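Down below is the structure, laid out as structure tokens.
Computed from a prediction, not measured in an experiment: that's the story for all the values here. Reminder, nothing fancy here: chain letters follow the sequence lines and each chain counts from 1.
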Amino acid sequence: AQKVTQAQTEISVVEKEDVTLDCVYETRDTTYYLFWYKQPPSGELVFLIRRNSFDEQNEISGRYSWNFQKSTSSFNFTITASQVVDSAVYFCALRSNSGYALNFGKGTSLLVTP
Amino acid sequence: EAQVTQNPRYLITVTGKKLTVTCSQNMNHEYMSWYRQDPGLGLRQIYYSMNVEVTDKGDVPEGYKVSRKEKRNFPLILESPSPNQTSLYFCASSLVGSSPLHFGNGTRLTVT
């Protein structure tokens with residue numbers, strides 16, 4: 001069975017601080033896909049990034065960066081110089097290549113205050 | 001505009017009264033899925049479909065039915081709703097199973 005753990009339930013930071021959201025996953029498959037989604041207070045779910053298991057390159061997109069480490073089964077998400085608009089719930093998700101279910105973590109609620 | 005459309009957005013019903021939440025996508029996606037979101041539990045998959053007439057159970061399928069007779073539609077059916085099915089429901093679709101999901105805007109269901 002596959003599992004995604006987001007140990008941080010809630011994080012509160014002051015604007016301009018850097019913040020890292022942790023994601024640890026479990027799967028027996030060698031080929032799998034990891035995702036991050038954002039759910040702002042308005043409620044919609046927004047795709048942020050997908051990473052394949054065979055591509056361990058870290059990715060940076062503006063103030064967002066992702067650190068994928070197969071050795072520790074982690075796919076962490078860092079926001080640099082956080083802004084109030086980053087306040088949202090962030091979900092990490094996993095899909096293995098041997099099945100079609102997509103499993104989400106329980107989410108981390110990030111609050112950025114001015 | 002590419003989108004996943006769920007209806008209704010809000011629904012209040014009583015225990016035992018059958019209901020259907022519709023989901024339609026206009027992106028010719030093969031993969032569709034239903035999730036429920038509950039506080040402290042995150043998003044849990046109810047059912048998913050890899051293609052027309054192909055559906056499978058997710059983590060929490062009890063009390064739900066789905067059908068995929070056409071590629072664009074994937075309705076969620078609650079034959080006899082109960083209060084523990086009060087939740088926020090999301091439909092989603094993707095080109096294939098490994099592609100990013102496109103989500104609908106959600107349906108907030110209350111069963112009294």
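- The part of B:Asp59 that comes within reach of chain A is its side chain, from C-beta onward, which places non-hydrogen atoms under 4.5 angstrom from that chain.
- Annotation: B:Tyr35 is in aromatic contact with A:Phe104 [ring centroid separation under 6.0 Å].
- Contact annotation for A:Gln39: only side-chain heavy atoms (C-beta onward) come within less than 4.5 Å of a heavy atom of chain B.
- If you look at B:Tyr47 and B:Trp34, their ring centroids are not closer than 6.0 Å.
- Aromatic pair A:Tyr37/B:Phe103: centroids less than 6.0 angstrom apart.
- Looking at A:Asp86 and A:Gln83, their side chains never bring a donor and an acceptor atom within 3.5 Å of each other.
- Ranked by heavy-atom pairs under 4.5 Å with chain B, the list A:Leu45, A:Asn103, A:Asn52 is led by A:Leu45.
- Using a 4.5 Å cut-off between heavy atoms, A:Leu102 contacts chain B through both its backbone and its side chain.
- Using cut-offs of 30° and 60° for the angle between ring planes, the A:Tyr25 and A:Tyr32 rings count as tilted.
- Listed options B:Gly104, B:Ser99, B:Ala92, B:Gly106 were ranked by heavy-atom pairs under 4.5 angstrom with chain A; first place goes to B:Ser99.
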